[in-house]
Engineer: 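Once you've had a glance at the structure underneath, I'll fire off some questions.
Computed over heavy atoms, backbone and side chain alike; hydrogens, waters and symmetry mates excluded.
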Amino acid sequence: DADIAWLRLALPQIRDIMLAGQLCNEQWNPRIGSGTFPIFDPPAYTVWHNALARVFRELAPGVPLLAGDVGSAASRGWWEAVRGGIDYDAVSAHIYGTADLYSPPDGKPVWVTEAANLSYWKPWHTKYLLYIWNSQDQFAKRPEGGILP
């Protein structure tokens with residue numbers, strides 16, 4: 001309920017500047033940075049994701065919904081367990097080496113949302129759209145400043 005309330009508050013304020021949306025980052029990863037976070041098991045994630053996806057589609061029609069954060073071999077088994085049961089338009093991929101390149105079997109596009117080095121990028125690979133959000137600022141902002149108006 002809290003996540004849905006957040007979507008209802010935030011999405012109308014930023015919808016006009018969104019290129020895409022993603023409901024969770026590295027949902028399979030039990031350790032991010034110095035903190036330990038609970039891991040979503042595939043069935044619980046599927047229910048959670050689809051509940052939020054319905055609200056996302058209602059509030060941000062036409063905005064692509066990313067899912068996954070597929071990258072290392074550790075994430076692939078988890079991702080394959082949820083891939084067929086969730087609503088999404090494209091897969092988010094984290095590329096830290098050429099072994100992390102991923103082509104989903106359902107033919108959905110892949111957006112590279114995190115990459116260690118552009119030398120890993122293969123421009124000839126037509127299933128990938130390069131979209132790197134990492135920057136010096138660490139936050140996406142409107143041209144006039146601020147994350148929300």
Engineer: Taking side chain to side chain donor-acceptor pair (under 3.5 Å) as the test, write out the residues that go with D41, two or more places apart.
Structural biologist: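 For D41 there are no side chain to side chain donor-acceptor pair (under 3.5 Å) partners, ignoring immediate neighbours.
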Engineer: Going by heavy atoms in the side chains, are V63 and R15 under 4.5 Å from each other?
Structural biologist: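 SC-SC contact between V63 and R15 confirmed.
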Engineer: Which atom names give the shortest non-hydrogen contact between I86 and N50, and what distance separates them?
Structural biologist: CA-OD1, 3.4 Å
Engineer: Ring pair (Phe, Tyr, Trp, His ring centres under 6.0 Å) with F56: which residues, sequence neighbours excluded?
Structural biologist: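 F56 satisfies ring pair (Phe, Tyr, Trp, His ring centres under 6.0 Å) with no other residue.
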Engineer: For the residue pair L59 and L7, what are the closest heavy atoms and their distance?
Structural biologist: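 Here L59 and L7 meet closest at CD1-O, 3.7 Å.
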Engineer: Over all heavy atoms of both residues, which pair between Q13 and L9 is shortest? Give the atoms and the distance, please.
Structural biologist: NE2-O, 2.8 Å
Engineer: Hey, any chance V47 and I4 share a hydrophobic cluster, counting ILVMFWY side chains that come within less than 4.5 Å of each other, even indirectly?
Structural biologist: no
Engineer: Would the distance check show the side chain of W78 and the main-chain N or O of F40 forming a donor-acceptor pair, the cut-off being under 3.5 Å?
Structural biologist: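 Checking the backbone N and O of F40 against the side chain of W78, a donor-acceptor pair under 3.5 Å is found.
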Engineer: When you compare the side chain of W79 with that of V91, does any pair of heavy atoms fall below 4.5 Å?
Structural biologist: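 The answer is yes; the side chains approach within 4.5 Å.
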Engineer: How close do G85 and T46 get, counting heavy atoms only, and between which atoms?
Structural biologist: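 That would be O-CG2, 3.4 Å.
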Engineer: Going from SG on C24 to CH2 on W48, what distance comes out if it is rounded to the nearest 0.5 angstrom?
Structural biologist: 4.5 Å
Engineer: With sequence neighbours left out, what residues match S92 under side chain to side chain contact (heavy atoms under 4.5 Å, CB included)?
Structural biologist: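 Here the qualifying residues are Q22, L66, D69, H94, T113.
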Engineer: Is there any salt bridge (Lys or Arg N to Asp or Glu O under 4.0 Å) pair reaching into residues 50-64, and which pairs are they, with sequence neighbours excluded?
Structural biologist: R8-E58, R57-D87, R57-D89
